[in-house]
Amino acid sequence: MLALHANSVATGAARASLFHEIVLESENIDAAAAPTKRTVAIAVDASQYAHHAVQWALDNYIRQDDLVAFINVRTQVYVPAVGLDGNASLEVAEFAEERYIEDSKQLLGSFMKLVSQKGFVSKGFSLGGFQQRRHAIVEKCTQLNAHVLICASRGVNAVSRALLGSVTDYCAHHCTCPVIVVRPTRKELDAMTVPAHHKYPEAIPVPPSAAVNKI
């Protein structure tokens, strides 16, 4: 069972819905009250890479006394600049944002259900109103005082990383906490139904839990 709390981080009431931070809490959230517990942040989206990273964290990293904080940055809503008057533009944007919020809540809820079945305590953070996902993830990790950020490698090639930048690369360089990037093995990549150009040849096995638990 999940308890839902919505908090607006905007100042203008008319635009508040476009900047909501939605917080989902697991039923046993009170168990995470002790200050000695780690906060393990995991950046997630709807990709198979993210599902793989969460499963890896469950199998290799998360402890029973950890608080798992799932971070999902919603698709950005763009208000049409032409063709509609101000009120109509805002209505269109709010309609789109409502859909993105529901998608994000369902995504976070599915991950939280997965970890709750293993007995872990979790929170889900659905973030909106940011220009870029990587900035939102880094900022949220700082706010949470996260002990570590776990994120997935999306298999972007070197050219794409150079031109567009990589979310994981940015997080690794700007997060105040250690960052674990989970890379699928060749066998795991072969089992994924992802574009062929994402099945990059440099895929390597993820490190054993003994190696990363030292963080």
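Keep in mind it's a predicted model, so treat the numbers as computed, not measured.
In this view, Ala43 and Ile137, Leu149, Cys151 satisfy the side chain to side chain contact (heavy atoms under 4.5 Å, CB included) rule, not counting sequence neighbours. Not counting sequence neighbours, Phe125 has no partner by the ring-ring contact (aromatic ring centres under 6.0 Å, His included) test. Taking the side chain to side chain contact (heavy atoms under 4.5 Å, CB included) definition, one finds that Gln143 meets it with Glu21, Glu139, Lys140, sequence neighbours left out. For Gln55, the side chain to side chain donor-acceptor pair (under 3.5 Å) criterion is met by Asp59, not counting sequence neighbours. In this structure His173 satisfies the ring-ring contact (aromatic ring centres under 6.0 Å, His included) test with no other residue, sequence neighbours excluded.
For the residue pair Ser126 and Asn72, no side-chain donor N or O sits within less than 3.5 Å of a side-chain acceptor on the partner. Side-chain N/O atoms of Arg133 and Tyr170 include no donor and acceptor closer than 3.5 Å.
Between His51 and Phe111, the two ring planes are tilted [angle within 30° to 60°].
Under the 4.5 Å side-chain heavy-atom criterion for Ile, Leu, Val, Met, Phe, Trp and Tyr, Met112 and Val54 are members of the same hydrophobic cluster. Under a hydrophobic clustering in which Ile, Leu, Val, Met, Phe, Trp and Tyr are joined whenever their side-chain heavy atoms come within less than 4.5 Å, directly or via other members, Val138 and Val44 fall into different clusters.
A salt bridge is absent between Asp66 and Lys37: the closest approach of a Lys/Arg side-chain nitrogen to an acidic carboxylate oxygen does not fall below 4.0 angstrom. Look at Lys105 and Glu102 and you find a salt bridge, because one of the NZ, NE, NH1 or NH2 atoms lies within 4.0 Å of a carboxylate O, short of that distance.
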Open item on the list: Please evaluate residues Ile22 and Ile101 with respect to the criterion side-chain contact (heavy atoms from CB on, under 4.5 Å), reporting the C-alpha separation (whole Å), side-chain torsions for both, the decisive distance (0.1 Å), and the verdict.
Closed with: CA-CA 8 Å; Ile22 308 298; Ile101 286 175; 4.2 Å; yes
Open item on the list: Walk me through whether His135 and Gln132 qualify under side-chain contact (heavy atoms from CB on, under 4.5 Å).
Closed with: CA-CA 6 Å; His135 297 155; Gln132 295 195 28; 3.8 Å; yes
Task: Intermediate values then yes/no, side-chain contact (heavy atoms from CB on, under 4.5 Å), Ser153 and Tyr49 - done: CA-CA 7 Å; Ser153 171; Tyr49 297 101; 5.9 Å; no
Open item on the list: Please determine whether side-chain contact (heavy atoms from CB on, under 4.5 Å) holds for the pair His52 and Val182, giving the CA-CA distance in whole Å, both sets of side-chain angles, and the decisive distance to 0.1 Å.
Closed with: CA-CA 8 Å; His52 174 263; Val182 180; 3.6 Å; yes
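Taken to the nearest 0.5 Å, the CD1 atom of Ile150 stands 5.0 Å off from the CD1 atom of Ile180. Rounding to the nearest 0.5 Å places CG of Leu67 at 6.5 Å from NZ of Lys123. Rounding to the nearest 0.5 angstrom, the gap separating the CG atom in Asp65 from the CZ atom in Arg38 is 7.5 Å.
Looking only at side-chain heavy atoms (C-beta outward), Leu107 and Phe70 stay at 4.5 Å or farther from each other.
Smallest separation of non-hydrogen atoms from Ala57 and Ile42: CB-CD1, 4.0 Å. Among all heavy-atom pairs drawn from Ala50 and Asp45, the shortest one is CB-OD1, 3.3 Å. Ala152 and Thr168 make their closest contact through O-CG2, 3.1 Å (heavy atoms, listed as atom of the first residue, atom of the second, distance). The minimum heavy-atom distance between Gly124 and Leu108, with the atom names listed, is C-CD1, 4.0 Å.
Judged by distance alone, with hydrogens and angles left aside, the side-chain atoms of His147 form a donor-acceptor pair with the main-chain N or O of Thr39 at under 3.5 Å.
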